[in-house]
Protein chains: 2
Amino acid sequence: MRQLFRYTGSVTRWLDEREQTTWRSYLRMQSRLHAELHRRLQAESGLSLADFDVLVALTDRPDERARVLELATSLDWEKSRLSHHLARMQKRGLIGREECDDDGRGNYVVLTADGRAAIDAAAPGHVETVRELVFDALPADDLAALGRIAEAVLTRVDRP
Amino acid sequence: MRQLFRYTGSVTRWLDEREQTTWRSYLRMQSRLHAELHRRLQAESGLSLADFDVLVALTDRPDERARVLELATSLDWEKSRLSHHLARMQKRGLIGREECDDDGRGNYVVLTADGRAAIDAAAPGHVETVRELVFDALPADDLAALGRIAEAVLTRVDRP
DNA sequence: CCAACATAGGTGATGCGTCAACTATTCCGC
DNA sequence: GCGGAATAGTTGACGCATCACCTATGTTGG
């Protein structure tokens, strides 16, 4: 990452050469992978990765509808982010809103026919991209390691 | 990710249960990790991860100066993104500009004293966070796997 | 009942990232 | 040298993410 070894007097434990190489590779991979997934999805379907996630979360629901905060929880998004995003998606006709009878504050977010068509059209290509860029590139044991790594890091991040 | 198995007639090879679990874990990990690294860096130093990367790239240079497109290349950023970001960083006094004698179109980006102070103050805490959230969480063989995985995926993404 | 509080959700400002278009210089072939 | 292509860098528009704050409705203890 750079001459991080300059601060040798600090209490910080610096990264050694291998750690530094690994970290740089990870950062570069995640940035390039995200960009490429986004680019292809956008080009093939006009959806962003965020759109895709919202639509997937909606189709996961029994009635293809959900309260805004339910959706925010299952996406692990801030409600404000979701609110802004839903407004844009609604303008594009991908989702709609319905009154919530038992809670006057609430809203249901519903999948529109256009929204369903969009996710149905986008999903196969996106899955194929993920397979091509990730799963086809990894032997079984590295795949298993990836799962372990993700869970281990998540445990650290989620319990600070 | 959802009922991706619906499209069984398609040519797409779907993800099996283990692949799907792994993929979801990865997505969640990368999103939470990035958010947490950003949050802590921001709280402790007022720098964003992007600011950090730019400042690190600059301190990597012999004279702590670089042409804009050089910087863009080493960061692997689009020149437009960098241009916008440099404008914001300049407004905050983290970097400055200098005329380029041998190329009238060009600019040198230079690290200011404030910029150097900021990166010096931010780096130890950031490295410590990375160590705590990632390296301390992983046994040596998973760390090695992470390096292999990142390189394997990068090869796929970079050669389409 | 009603005041205090909690909850559902939206809004506006600001920073960030991408795209397409633009300006200004330099390079290169004639 | 000069006209067109290439290069360095910026700009504006727009989508996206976060933050702080706001409104409206529901809930609850006295």
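What's counted below: heavy atoms across the whole structure, side chains too, no hydrogens, waters or symmetry copies. Below, chains carry the letters A, B, ... as their sequence lines are ordered, and counting in each starts from 1. Note that the structure is predicted; figures quoted are calculated from it, not measured.
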> From the set C:dA24, D:dC16, C:dG9, return the single nucleotide nearest to any side-chain atom of A:His85.
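Given the options C:dA24, D:dC16, C:dG9, the side chain of A:His85 is closest to D:dC16.
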> Expressed in angstrom and rounded to an integer, what is the separation of B:Asp102 atom CG from C:dT25 atom C1'?
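Value for this atom pair: 13 Å.
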> Taking CG from B:Asn107 and C1' from D:dG9, how many angstroms apart are they, rounded to a whole number?
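In whole Å, D:dG9 C1' and B:Asn107 CG are 7 Å from each other.
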> Any N or O donor-acceptor pair linking the side chain of A:Ser80 to the base of C:dT11 at under 3.5 Å?
yes
> Strictly below 4.0 Å: does B:Arg97 bring a side-chain N or O up to OP1 or OP2 of D:dT10?
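So the side chain of B:Arg97 is within the cut-off, an N or O lying under 4.0 Å from OP1 or OP2 of D:dT10.
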> Quick one: B:Glu36 CD to D:dT18 P, roughly how many Å, whole number?
12 Å
> So, under a plain 3.5 Å distance rule, would you say the side chain of B:His84 forms a donor-acceptor pair with the base of D:dT10?
no
> Once you round it to whole Å, what is the distance between C1' of D:dG9 and CD of B:Glu99?
13 Å
> Check the pair A:Asp141 / A:Arg148 against salt bridge (Lys or Arg N to Asp or Glu O under 4.0 Å), numbers first and verdict last.
CA-CA 11 Å; A:Asp141 53 339; A:Arg148 284 198 306 275; over 6 Å; no
> Between A:Arg131 and B:Glu19, does any NZ, NE, NH1 or NH2 come within less than 4.0 Å of an OD or OE carboxylate oxygen?
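A salt bridge links B:Glu19 with A:Arg131.
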> Given that A:Ala35 and A:Tyr108 both sit by DNA chain C, which one's nearest nucleotide is further toward the 5' end?
A:Tyr108
> Please list residues of residues 86-96 of chain B whose heavy atoms come under 4.0 Å from any atom in DNA chain D, ordered by number; otherwise none.
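Within this stretch, nothing sits under 4.0 Å of the strand.
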> Rounded to whole angstrom units, what separation is found between the CG atom of B:Leu69 and the P atom of D:dA6?
17 Å
> Looking only at non-hydrogen atoms, find the nearest pair between A:Ala87 and A:Arg97 and report the distance.
N-NH2, 3.9 Å
> Using 4.0 Å as the upper bound for N to carboxylate O, is an ion pair formed by B:Arg92 and B:Asp51?
yes
> Mapping A:Gly104 and A:His38 onto DNA chain D by nearest heavy atom, which one lands closer to the 5' end?
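Here A:His38 is the residue nearer the 5' end.
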> Output the rounded distance in Å from CG (B:Leu49) to C1' (C:dG15).
14 Å
> Check A:Ala57 against A:Leu75 and note the closest heavy-atom contact, atom names and distance.
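Scanning both residues completely, I find the closest heavy atoms to be CB-CD2, 3.9 Å.
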> Is there a donor and acceptor pair closer than 3.5 Å between the side chain of B:Arg81 and the base of C:dT18?
no
> Tell me the closest heavy-atom pair linking A:Val157 and B:Arg32, and the distance in Å.
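Looking at all heavy atoms of both residues, the shortest contact is CG1-O, 3.8 Å.
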> Can you tell me how far P of C:dT18 sits from CG of A:Leu41, to the nearest Å?
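About 15 Å, once rounded to whole Å.
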> Counting only side-chain heavy atoms from C-beta out, which of D:dA8, C:dA8, C:dT18 sits nearest to B:Glu78?
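Shortest atom-to-atom distance from the side chain points to C:dT18.
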> Taking NZ from A:Lys79 and P from D:dC19, how many angstroms apart are they, rounded to a whole number?
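Rounded to whole Å, this separation is 13 Å.
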> Name the residue closer to the 5' end of DNA chain D, choosing between B:Val68 and A:Asp51 according to the nucleotide with the nearest heavy atom.
B:Val68
> From C-beta outward on B:Arg105, which listed nucleotide comes closest to its side chain: D:dT10, C:dT25, C:dC19?
C:dT25
> Should the pair B:Asp16-B:Arg18 be classified as a salt bridge under the 4.0 Å nitrogen-to-oxygen rule?
no
> Can B:Arg61 and B:Glu64 be counted as an ion pair, charged N to O under 4.0 angstrom?
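Not counted as a salt bridge, because no side-chain N and carboxylate O are separated by less than 4.0 Å.
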